[in-house]
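Input: a single structure, listed below in structure tokens.
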Amino acid sequence: MYQYFYELLGSEILATLITAAVPLVNVLLAALIGVYLERKVSAHMQDRLGPMRTGWHGIFQTVADFIKMLQKEDAVSTEVDKKLYNLAPVLVFTGSFAAYAVIPFSSKVIGTEAEVGIFYLLAISSLVVAGILMAGWSSNNKYSLLGAMRSASQIISYEIPTAIVVLSMVMYTGTLSLDKMSQMQTAYFWNWNILGGAEFGFAKFLLIPFMIVGFIIIYISTLAEVNRTPFDIPEAESELVAGYFTEYCGMKWAMFMLSEYGNMFAVSGLVTILFFGGYQSPLGYFGDAIGVHWMIPFEQVFWFIAKGWFFVFVQMWLRWTLPRLRVDQLMSLCWKYLIPYAFVNLIIIGIITLL
Amino acid sequence: MKQYLKNTWDGIWTVLIGMKITFKHLFTPAVTIQYPDVKVPLPERVRNRLYVNIDDCIGCDQCSRACPVSCIEIETTKAIPGEDLGTTSNGKKKALWVTKFNIDIAKCCYCQLCVFPCPTECIYMTDVYEFAEYERENLVYKFSALTETEAVEKKANFEKFQAEKEAQKAAAAAKPKEEQKPVN
Amino acid sequence: MALKTETMVLNMGPQHPSTHGVLRLELELEGELIKKVIPHIGYLHRCFEKHAEAMQYNQVIPYTDRMDYLASMYNNFGYVIAVEKLMGIEVPERVQYIRLIMGELQRIASHLVALGTYGLDIGAFTPFLYLFRDREKILSLFEMTCGARLLYNYMWVGGLSHDIHPDFQRLTKEFINYFKPTIVELDSLLSYNKIFIERTANIGILPVDTAINYGVTGPMLRGSGIKFDLRRNDPYSIYNRFDFDIPVGKGLVGTVGDCWDRYYVRVREMEESLKILEQAIDNIPEGDVQSAIPKRIKPPKGTVYSRVETPRGELGYFIISDGSTNPFRVKVRAPSFVNLEVLGELCKGHLVADVIAILGSVDIVLGEVDR
């Protein structure tokens with residue numbers, strides 16, 4: 001994309017800015033739509049109406065909230081560690097924003113075609129931990145501290161099963177580039193990795209159950225990484241009031257929320273790329289059929305966003321269905337269940353791939 | 001090992017059951033309503049804001065005494081002979097000017113105990129429930145039909161009447177004395 | 001050299017999302033492990049007992065509403081039974097039946113709140129709203145009958161404030177039929193959810209002897225496996241005419257007396273209440289509900305202690321009468337207050353998150369604890 005804009009505008013600065021702005025718009029839109037969707041989904045699951053007043057079915061509710069957040073006083077308690085306190089939301093937001101750099105929305109819309117995209121994604125998502133720890137520590141609040149400690153241990157633990165599943169997929173596809181991974185799962189859904197990948201043969205059918213297991217594991221562990229119910233113990237409102245961002249208000253608080261919803265879409269995107277064909281259409285391209293090839297990237301954007309939002313919806317669905325785990329159970333789920341399963345899965349997928 | 005696999009299975013299975021239920025509810029119509037636009041019809045016995053039909057009030061003070069939180073304040077003045085206060089709707093003759101009938105609705109606990117003893121059924125609970133105010137003083141409802149000056153006037157009237165009566169009595173009492181004096 | 005460690009004191013409440021009101025807990029933590037729990041109460045103290053001394057007997061009833069505000073009907077019930085016992089009033093059959101029906105509806109409504117908020121404490125938001133939706137239906141029945149949704153002042157000494165509405169029986173039957181599938185739904189959505197079981201089974205185990213020593217009553221005691229229910233063991237009103245079971249904790253998914261058992265006893269109790277309602281609703285005899293109400297409530301000199309089984313346990317009223325129109329003393333044995341005492345015992349050695357789970361399973365109402 002950078003290359004394209006560079007050729008178009010002839011200015012490095014402008015091209016860089018535009019390339020950077022695209023993920024920013026993405027993450028903001030993801031948060032905006034995400035918050036609205038969460039409200040509506042939760043409301044209708046609970047036989048409620050949800051926001052109804054701002055616009056048709058409350059469609060502008062998040063915008064109104066955002067404006068309210070901007071107007072709020074930036075109250076900072078006197079006892080906080082000001083530097084870290086102010087830095088933490090920015091860092092958390094940066095982490096989730098940076099993740100969008102490598103997510104391929106289509107074969108054309110991608111921040112950077114990094115060869116080690118998935119590696120970068122896993123690494124950058126750990127930045128959030130630093131931000132959360134900072135927020136928890138600097139708030140000078142016991143609840144925040146407990147929340148931050150829980151969050152740090154949780155995110156770091158759940159990186160492992162995520163990494164193992166990603167490893168098995170990397171092993172299977174033979175590339176670290178998210179774009180290439182998507183390209184390999186060519187259009188039509190039977191070519192997706194969840195259904196054994198594009199190569200037709202006996203191995204494809206052998207792989208399907210293990211791919212499903214892998215998908216479940218990575219879905220659960222990414223759910224935990226973005227601190228969603230049933231793994232929302234860092235911010236468990238019934239125990240820790242609001243966890244690590246108890247002391248935040250106004251825009252700083254909004255940045256935590258933005259990054260949470262941004263992250264939700266990012267991890268859904270990751271799951272989509274690894275198992276559900278990324279931006280590939282499940283039913284072939286319309287543009288191909290009628291011979292209008294410039295339409296394909298737009299179709300790809302549509303499919304990627306649709307798949308991504310579907311998984312975000314499932315995350316919300318889970319959130320409004322399940323109770324929350326306790327902190328030690330969270331750890332035992334990770335270390336005693338997910339990691340062994342992931343390892344076994346890794347070995348089996350490895351063997352099948354070798355064959 | 002068997003337990004381990006069973007735990008895994010239970011975990012996934014019960015989550016799926018729960019998800020099925022919430023998904024079903026996604027398509028059931030909402031039970032909530034959009035309150036100020038749509039309102040639930042209230043049953044006829046509903047207990048909300050107190051109202052006093054002061055035309056029927058005979059000033060018997062029974063409601064005030066029944067109130068457990070003392071939110072009703074009543075002051076009355078006897079009518080002087082010749083003043084006709086009329087009758088209540090159920091035919092009771094009124095004998096007292098109700099100079100003050102204040103209900104501090106902020107104190108009211110909506111127990112309805114004041115309603116039952118009323119002999120003329122003039123105090124009752126209505127279905128009005130939206131009566132928030134910015135000033136607490138506005139929640140003191142004054143039901144007395146008399147204005148303040150009228151109330152003062154009635155009081156003065158009665159006191160004057162009382163004083164006259166006293167004076168007459170005193171005069172009546174004094175007269176015999178005076179008459180007796182010369183005898184002694 | 002041993003590492004120097006300190007315990008941390010965490011102040012939970014009175015402004016905290018899940019202390020069920022204004023309870024303040026002082027937690028002494030070692031990491032996230034609980035060393036000690038000290039409940040501080042009194043934030044909602046409104047001098048009920050002292051107030052009652054200045055009130056006439058019937059004026060006390062609105063105050064009893066405000067003790068356990070989730071089971072107002074039952075507080076009324078206990079109080080009027082006590083005063084009637086003191087005065088020796090025989091209450092008409094119709095009144096007895098209506099009181100019992102109201103009491104059982106109130107028990108369901110109260111348990112719905114208890115279970116819903118318990119789910120909320122554990123982190124499941126949705127069951128909470130499903131249960132509140134159903135509770136609203138019961139409250140509407142109450143509103144139809146006496147005009148209030150929460151603080152009823154419905155039961156009077158010797159009778160009731162209003163007769164039931166002509167539609168009441170039909171709507172109650174409709175509710176019973178509507179409500180049965182909800183319990184099944186609750187079971188599959190929450191009770192048998194693996195995560196919920198993990199969070200509540202084997203947590204906060206209350207052994208039988210501890211329960212008895214602390215004087216714990218109600219679903220907490222039954223959760224520990226003791227079949228003790230005043231409706232059966234010391235029958236008041238007309239409970240001895242009805243056929244119902246007393247559910248006890250059996251340790252289906254963990255140990256007898258854990259949080260899950262206490263939770264599940266409440267679920268089963270709702271079913272038993274429905275059973276009682278089904279038997280009673282069609283058999284309400286005709287009569288006047290206000291015929292036995294005395295003109296002046298002036299009990300003879302003497303004392304009375306009367307107890308009823310509220311949704312939270314044994315609610316006792318001890319009334320001393322000096323022969324005047326005001327009670328000389330009204331002492332309340334509030335079930336939540338007694339049940340709360342055992343919290344320190346239950347929380348030892350658990351995690352912070354378990355305190356919430358245990359407190360939720362105790363099901364306190366601060367209005368009653370502080371009075």
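Chain naming here is simple, since letters A, B, ... match the order of the sequence lines and numbering starts at 1 in each. As the structure is a prediction and not an experimental result, all values here were calculated from the model.
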Testing the basics here: between [X] and [Y], what is the closest heavy-atom pair and its distance to 0.1 Å?
X: B:R65; Y: C:Q59; value: O-NE2, 2.9 Å
X: C:N153; Y: B:C111; value: ND2-O, 2.6 Å
X: C:T126; Y: B:T22; value: CG2-CG2, 4.0 Å
X: B:R45; Y: C:T145; value: NH1-O, 2.7 Å

Would you call [X] and [Y] a side-chain contact if the rule is heavy atoms closer than 4.5 Å?
X: B:L42; Y: C:E143; value: yes
X: B:L113; Y: C:W156; value: yes
X: B:C109; Y: C:R66; value: yes
X: C:Y192; Y: B:W13; value: no

More than 12 heavy atoms from other groups under 6.0 Å of [atom1] on [X]:
X: C:K250; atom1: NZ; result: no
X: C:K331; atom1: NZ; result: yes
X: C:F328; atom1: CZ; result: no
X: B:E121; atom1: CD; result: no
X: B:E130; atom1: CD; result: yes

Segment of [X] engaging chain B (4.5 angstrom heavy-atom cut-off):
X: C:Y63; value: side chain
X: C:H165; value: both
X: C:R149; value: neither
X: C:F196; value: neither
X: C:L151; value: backbone

Hey, what do you get for [atom1] ([X]) to [atom2] ([Y]), rounding to the nearest 0.5 Å?
X: B:Q112; Y: C:Y154; atom1: CD; atom2: OH; value: 11.5 Å
X: B:D10; Y: C:K194; atom1: CG; atom2: NZ; value: 5.0 Å
X: B:F116; Y: C:I293; atom1: CZ; atom2: CD1; value: 8.5 Å
X: C:D187; Y: B:I17; atom1: CG; atom2: CD1; value: 11.0 Å

Next item on the list: Between chain B and each of C:E185, C:Q56, C:E198, count heavy-atom pairs under 4.5 Å; write down the option with the most.
Entry: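 Result: the option with the highest number of such pairs is C:E185.
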
If one checks every heavy atom of B:P68 against chain C at 4.5 Å, the contacting part turns out to be both

Cut-off 4.5 Å, heavy atoms of chain C, and the answer for B:I12 is neither

Highest number of heavy-atom pairs under 4.5 Å with chain C: which of [options]?
options: B:V69, B:T32, B:V46; answer: B:V46
options: B:H25, B:K20, B:E44; answer: B:H25
options: B:D127, B:N7, B:V15; answer: B:N7

